[in-house]
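First comes the structure, then the notes that go with it.
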Protein chains: 2
Amino acid sequence: MPPRQNRPTINQVAAAAGVTKSSVSRAFTRPEMLSEETVRKIFAAAEELGYVPNHTARALSTGRHGNIALIVPDVANPFFPPLIRAAQAEADRSDYCVFLGNSDENPKQEDKLIGRFGGQVEGFVLVSSRLSDAQIIEHAGRAPLVLINRDVPGIPRVLIDSATGVAQAVAHLAELGHRKLVYVGGPHGSWSNKQRRSAVRRAARKLGLEVVVISNEFPAFEFGRKVTPSVLATGATAAIAFDDLTAQGMLAELAEQGVAVPDDFSVVGCDDVLGAATFPALTTVSNRSVEAGRAALNLLMDMLQNQAIRDVRYVLDTSLVIRKTTGPAESALQ
Amino acid sequence: MPPRQNRPTINQVAAAAGVTKSSVSRAFTRPEMLSEETVRKIFAAAEELGYVPNHTARALSTGRHGNIALIVPDVANPFFPPLIRAAQAEADRSDYCVFLGNSDENPKQEDKLIGRFGGQVEGFVLVSSRLSDAQIIEHAGRAPLVLINRDVPGIPRVLIDSATGVAQAVAHLAELGHRKLVYVGGPHGSWSNKQRRSAVRRAARKLGLEVVVISNEFPAFEFGRKVTPSVLATGATAAIAFDDLTAQGMLAELAEQGVAVPDDFSVVGCDDVLGAATFPALTTVSNRSVEAGRAALNLLMDMLQNQAIRDVRYVLDTSLVIRKTTGPAESALQ
DNA sequence: CTGTTAGCGCATTCAC
DNA sequence: GTGAATGCGCTAACAG
């Protein structure tokens, strides 16, 4: 038999304490079933030997692994780390360990990870899943599963609704006197992009603003720079970008071209992943990814306890964070 | 017995295929021991039932969990995600799953996580560990363990040596004609900060430059902004910051004060976590965290296979990435 | 309160 | 090549 860690087992503790396995087991799971005396003896022996219950054996016996899996498209995308951190902290509070999976935005990889994790977790959190609805439903049938930023009816999900914040952004710009703005889009297949784009359109229509939509296949910063000339060419006086990185790219290009922000042109980002770390500090839409992570974990923990699989749709509203990149239209170009 | 997932077991497959458990087990681990015929039958039955080997049971039996643990101080610190991503990808190549732990920069928490993971992983990677040398050595005695950015003799470790890149930065500034520069420090207890600070001093002495060191207890961006007036007051014409965020803060404040970069003042960051996403694009020191993650994992995998615990000290040199925030001193202030 | 017994699902001897 | 038996370390009835 291959190498094995040499940790003391329940039997050795039992022998050392002069009791049986059962009592040792109980001492670690239901101490109230034992006399204080025995518990003390057992803990002393355990301490002495450096005994720690074997998680794997316990899992095999009980079917509870005390683990959950968290799968994201890309750990390195600044949107996710705070969410991961929050989820991890929340899991920790319930003594759960978390497997982290990185799908690389790839459905195949995501599916593979789910399979690999499957045997050793009690449930899943899929963030911005790239899987098809059918696949998600299938997996949800096998194990408790909650979604973040993916809206599949019947599957518990928490959604960050950037529409509210985006609408506020449009209103904010309207109030500042802007009459024409452009929405600088994000990744083609993205649920968030669709949501934000239509939110801009809807709000603009309501307020009588003109809006030009520019689409994008490339990611973030570079795209922000490249698209800026076209944005200016539309004659608009403000832009709302799909995300902060795109906005940051625009800021860089505008500075390069000597266009003052917000005096000559206003820019709004989305997701607030940069904090105030741009210059000028970026007006943006809050993202609430921390709450999303926390909420998803609470949902999951809930499902694990009362194994009722409720159809929850937990929506987190966003709001506008006004900083320094938006200003009155009077002074703007045109 | 509490809830249990209802996956088919090896026995059901055996029954369906008309063989015994043993054969099914072999079909999944050492198919070459069986006739092609039986293997085919077994796989067919397994497929039919949707059988997947139970990872936990297998781990209990073999002592190999196919998992490793990765512990970082803070997932949300932009330095770590690329490292995590690389490590995770590398683990995946060897069919390992990775537990992610977030220590919150807290030794207690780190210790607790190691304990919790202990029973279900074959090894650990500790990134920028906050544990004492003694604790690290103790844990390394129990299970294969490799360190990143922590230099404990006897424990396999991979170190990112920012000293080389920092020295290049000083040389670069000297070449541009700068005679006096300031090092804007980072967190007090940080190994990296000490390393960088002394690298700046050493290189400056060698090249006959004057250097002022400003220390910092606060993190990053805000500190960069606040410290800028003092930096300018020194009469230096260039600054090297502990990290990119600090540099970015300085950039923002310099812009605010109308000091042109790099015409009036030069700035160098460290870690290259921002890519070219500042304006002007930041000259900085590469970080190689991706390679560090990959290397650590390869080391660990190596230790798991040939269980020889070698004393490896793997050092990754860094180098200067010249972008747009450094320029000749002639035109600078003073 | 505590000991006895029987698995959890699988890998691995050892026979045949 | 394949089957039967044993045990990984622990929990959970069932007794007493």
Side-chain angles (χ1 to χ4, degrees), chain A residues 1-43 45-46 49-67 118-122, chain B residues 1-43 45-46 49-67 116 118-122 142:
Chain A
M1 233 171 277
R4 167 174 286 110
Q5 282 186 228
N6 217 29
R7 306 195 310 167
T9 81
I10 204 175
N11 274 307
Q12 318 193 25
V13 178
V19 295
T20 55
K21 302 174 13 166
S22 321
S23 296
V24 178
S25 173
R26 285 177 186 124
F28 281 89
T29 50
R30 294 223 255 296
E32 70 277 8
M33 288 184 69
L34 269 37
S35 76
E36 289 192 10
E37 172 62 15
T38 346
V39 172
R40 223 187 339 266
K41 259 191 335 203
I42 293 177
F43 279 169
L49 299 174
Y51 169 77
V52 176
N54 181 317
H55 200 115
T56 307
R58 180 179 284 179
L60 182 58
S61 175
T62 60
R64 329 203 44 145
H65 303 78
N67 300 327
Q120 34 187 355
V121 302
E122 292 178 36
Chain B
M1 233 170 279
R4 170 173 284 110
Q5 283 186 228
N6 218 28
R7 307 195 307 168
T9 80
I10 205 176
N11 273 309
Q12 317 192 26
V13 179
V19 296
T20 56
K21 303 171 18 162
S22 318
S23 296
V24 178
S25 174
R26 286 176 185 125
F28 281 90
T29 49
R30 295 224 247 298
E32 70 277 9
M33 288 183 69
L34 268 39
S35 77
E36 288 193 11
E37 172 61 15
T38 4
V39 172
R40 223 188 338 266
K41 260 191 335 202
I42 293 175
F43 279 169
L49 298 175
Y51 168 78
V52 177
N54 181 317
H55 198 114
T56 307
R58 180 177 282 181
L60 182 58
S61 177
T62 61
R64 327 204 45 145
H65 303 77
N67 300 328
R116 227 211 260 328
Q120 34 187 355
V121 302
E122 294 178 35
R142 284 200 232 297

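A note on names: the letters A, B, ... follow the listed sequences, proteins ahead of strands, and every chain is numbered from 1.
Looking only at distances, a side-chain donor or acceptor of A/Thr56 sits under 3.5 Å from a matching main-chain atom of B/Gly119. Under the 3.5 Å distance criterion, the side-chain polar atoms of B/Thr62 are matched with a main-chain donor or acceptor of B/Arg58.
The shortest distance between the side-chain N/O atoms of A/Ser61 and the OP1/OP2 oxygens of D/dT11 is not below 4.0 Å. Note on B/Thr29: every side-chain N or O is 4.0 Å or more away from OP1 and OP2 of C/dA11. In this model, the phosphate group of D/dG9 is not approached by any side-chain N or O of A/Ser25 to a distance below 4.0 Å at OP1 or OP2.
For A/Arg7 against D/dG9, a side-chain-to-base donor-acceptor contact under 3.5 Å is absent. Side-chain atoms of B/Ser22 and base atoms of D/dA4 include a donor and an acceptor less than 3.5 Å apart. Residue-to-nucleotide contacts include no donor-acceptor pair under 3.5 Å from the side chain of B/Arg30 to the base of D/dG1.
Atom NZ of B/Lys41 and atom P of D/dT2 are 8 Å apart (whole Å). Following rounding to the nearest Å, B/Arg58 (CZ) and C/dC8 (P) show an atom-to-atom distance of 18 Å. Rounded to an integer number of Å, the gap from CG of A/Leu34 to P of D/dT11 is 13 Å. As rounded to whole Å, 16 Å separates atom P of C/dG9 from atom CD of A/Gln120. The distance from atom CZ of A/Phe28 to atom P of D/dC10 is 9 Å, rounded to the nearest whole Å. Computed from coordinates, the A/Glu36 CD to C/dT2 P distance equals 11 Å when rounded to whole Å. The interatomic distance linking B/Lys21 (NZ) with C/dT13 (P) rounds to 15 Å, in whole Å. For the pair B/Ile42 CD1 and C/dA11 P, the computed distance is 12 Å after rounding to whole Å.
Nearest-nucleotide mapping onto DNA chain D: of B/Gly18 and B/Ala57, the residue sitting toward the 5' end is B/Gly18. Annotation: of the two residues near DNA chain D, A/Asn54 and B/Arg26, the 5′-most nearest-nucleotide partner is B/Arg26.
With no hydrogens or angles considered, no side-chain donor-acceptor pair links B/Asn54 and A/Gln120 at under 3.5 Å.
The listed nucleotides are C/dT2, D/dG1, D/dA5; the one nearest the side chain of B/Thr38 is D/dG1. Distance from the side chain of A/Thr62 is smallest to D/dT11 among D/dT11, D/dT2, C/dT4. With distances taken from any side-chain atom of B/Val19 to the nucleotides D/dC14, D/dG3, D/dG9, the minimum falls on D/dG3. Here D/dG3 is the nucleotide among D/dG3, C/dT2, C/dA11 with the atom lying nearest to any side-chain atom of B/Ser23. The side chain of B/Ile10 lies closest to C/dC10, out of D/dG1, C/dC8, C/dC10. Distances from the side chain of A/Met33 to the nucleotides C/dT2, D/dA4, D/dC10 place C/dT2 closest.
Across all strands, B/Thr9 comes closer than 4.0 Å only to sugar-phosphate atoms, never to a base (heavy-atom distances). Among the protein residues, B/Tyr51 comes within range of the sugar-phosphate backbone only, with heavy atoms under 4.0 Å from sugar or phosphate atoms but none that close to a base.
Side-chain contact between B/Ser23 and B/Ile42 is present, with at least one heavy-atom pair separated by less than 4.5 Å.
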Notebook entry, point to check: A/Glu122 and A/Asn67: side-chain contact (heavy atoms from CB on, under 4.5 Å), yes or no, with the steps?
Noted result: CA-CA 6 Å; A/Glu122 292 178 36; A/Asn67 300 327; over 6 Å; no
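Taking the six-membered ring for Trp, B/Phe28 and B/Tyr51 have ring centres closer than 6.0 Å.
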